[in-house]
J.: 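One structure, pasted below without further comment.
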Amino acid sequence: MPESNRGFSAYFRRDLLLAYRRRGEVASPIIFFVMVATLIPLGITPEADSLKELAPGTIWVMALLATLLSAEGLFVSDYKDGSLEQLLISPNMLVMPIFGKVTAHWITTGLPLTLASPLIGLMLSLPSVAYLPMMAGLALGTGCLSFLAAIGAALTVSLQKGSLLLTLIVMPLYMPIIIFGSAVMQYSIDGMAWSGPLAILGAMLAVAIALCPLAIAAVLRLITIN
Amino acid sequence: MVNSSLLTVNDLRFERDDIPVINGACLTLNVGEILQIEGPNGSGKTTLLRILTTALQPSGGEILYRGQILSECRFDYLSNILFLGHQSALKLTLTAEENLSWTTSELPGSVSIMEALEQVGLRGYSDVPCHKLSEGQQRRVALARLLVTNAEVWFLDEPFSALDKQGVQFVEQCMERHIKGGGAVMLTTHQPIGMEPVRRYSLVGSSVGGGF
């Protein structure tokens with residue numbers, strides 16, 4: 001157990017440190033998230049009633065795109081500079097470093113997205129009752145998004161221009177998360193109990209944490225071994 | 001000599017897209033030995049090292065580590081090898097010290113990172129981001145990994161590239177110390193090595209066995 005913990009924390013800390021050194025790059029998905037949300041009232045209508053209808057879907061689609069934007073680099077730089085190879089030939093389990101890397105990815109994208117979301121809620125005149133469900137849903141949902149995006153990033157790691165393919169691979173997997181994520185917000189706006197869809201998001205995150213690192217490890221071995 | 005044989009490779013084959021790259025390589029690596037893999041560009045030197053470090057899966061043949069089949073002692077084997085490839089595996093935005101600390105978290109060793117950096121001639125550079133170092137200096141940071149781990153077998157792929165004369169000498173000294181301490185080195189290089197106890201293995205007609 002200490003062995004596997006070390007694999008997790010070493011890569012978790014390393015990726016956070018790398019993100020800290022490239023703060024500008026890491027901030028761009030969040031800025032994208034906020035800017036696009038600003039365009040919605042400008043482009044469609046500034047009317048609060050119509051915006052309220054659009055808000056849940058818009059926020060979740062933005063979150064999805066912002067995660068995808070940042071996911072491409074998850075393994076590419078490690079692949080190019082040879083550190084992925086070093087990771088693959090390390091004696092420790094591959095799953096824990098991957099878990100660490102994806103967690104670091106969530107800390108640098110999903111978490112800031114969640115924290116920035118009230119700002120977007122404000123711009124889309126989201127009713128105040130929906131703020132807490134939105135943040136809870138985003139916190140769990142962006143975790144799933146990070147894990148699924150990591151599978152796509154692993155599959156496209158050896159490609160020159162993998163970002164479009166990554167999007168095509170991962171998009172269909174995002175559908176259930178979008179559905180339940182926006183349902184959490186919609187339910188709360190409509191005054192219904194929103195813990196149901198939130199629990200499903202939590203369950204999906206639990207499954208993603210348990211299975212995605214295994215899938216990513218298998219994919220990385222498969223791709224680099226040829 | 002059976003006991004001192006660290007690594008035995010029998011009839012190793014590797015194909016890429018149905019084109020044979022390595023065709024029946026047979027070689028042994030003994031304790032206290034430096035084995036230089038020779039061959040023209042494209043003869044599969046790097047491929048051979050990558051197979052032996054388990055980064056690639058061979059199409060056929062067997063690899064024995066201390067007489068045991070590799071797949072049966074994988075953890076033991078991987079805990080005792082160090083691979084230094086063409087790519088330095090350095091994160092350029094991290095400092096030399098940070099890069100090395102991540103290596104030691106995987107394969108802990110006895111020499112401290114500061115000592116290792118001093119030995120490779122980078123004293124005072126430990127907190128400089130690697131992208132501010134020259135290519136040769138980056139190479140030296142990568143080489144410092146040899147010092148901070150306790151790995152028994154070193155696989156070095158072109159360790160002398162981008163190094164100056166002193167750098168080359170330094171690597172040679174490291175290898176000498178390493179084999180005297182009971183380790184073994186397998187390396188590829190096109191440069192002549194200035195040390196004596198080097199055995200060569202040619203990959204050109206790789207169906208022919210290794211030898212002096």
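Sequence lines set the chain letters: A, B, ... in the order given, protein chains first and strands last, and positions in each chain run from 1. Being a predicted model, the structure only gives us computed values, none of them experimental. In what follows, every heavy atom counts, from backbone to side chain, and hydrogens, waters and symmetry copies are set aside.
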J.: Where on A:Y20 is there a heavy atom nearer than 4.5 Å to chain B: the side chain, the backbone, both, or neither?
T.: neither

J.: I'd like to know if the side chain of A:Q86 and the backbone of B:L84 have a donor-acceptor N/O pair within less than 3.5 Å.
T.: no

J.: Under 6.0 Å from the CZ atom of A:R22, do we count more than 12 heavy atoms belonging to anything else shown?
T.: yes

J.: Should B:R50 and A:E85 count as side-chain neighbours, where that means a heavy-atom distance under 4.5 Å?
T.: yes

J.: Find the one option among B:K91, B:E98, B:R74, B:Q57 whose heavy-atom pairs under 4.5 Å with chain A are most numerous.
T.: B:K91

J.: Around B:Y125, counting heavy atoms of other residues, nucleotides and ligands shown, do more than 12 lie under 6.0 Å from its OH?
T.: no

J.: Side chain, backbone, both or neither: which part of B:T47 has an atom under 4.5 Å from a heavy atom of chain A?
T.: neither

J.: Heavy-atom distance under 4.5 Å to chain B: side chain of A:R13, backbone, both or neither?
T.: neither

J.: To the nearest 0.5 Å, tell me how far B:L56 CG sits from A:L88 CG.
T.: 10.5 Å

J.: Measure across A:P91 and B:S79 and return the closest heavy-atom pair with its distance rounded to 0.1 Å.
T.: CB-OG, 3.4 Å

J.: Roughly how far, to the nearest 0.5 Å, is the CG atom of A:L18 from the CG atom of B:L92?
T.: 10.0 Å

J.: Closest heavy-atom contact between B:L78 and A:I89?
T.: CD2-O, 3.5 Å

J.: For B:E135, look at atom CD and say whether over 12 heavy atoms of other residues, nucleotides or ligands are found less than 6.0 Å away.
T.: no

J.: What heavy-atom pair brings A:R14 and B:L94 nearest, and what distance separates the two atoms?
T.: CG-CD1, 3.9 Å

J.: Step by step, would you call A:R21 with B:T95 a side-chain contact (heavy atoms from CB on, under 4.5 Å)?
T.: CA-CA 11 Å; A:R21 296 279 154 83; B:T95 66; 4.3 Å; yes

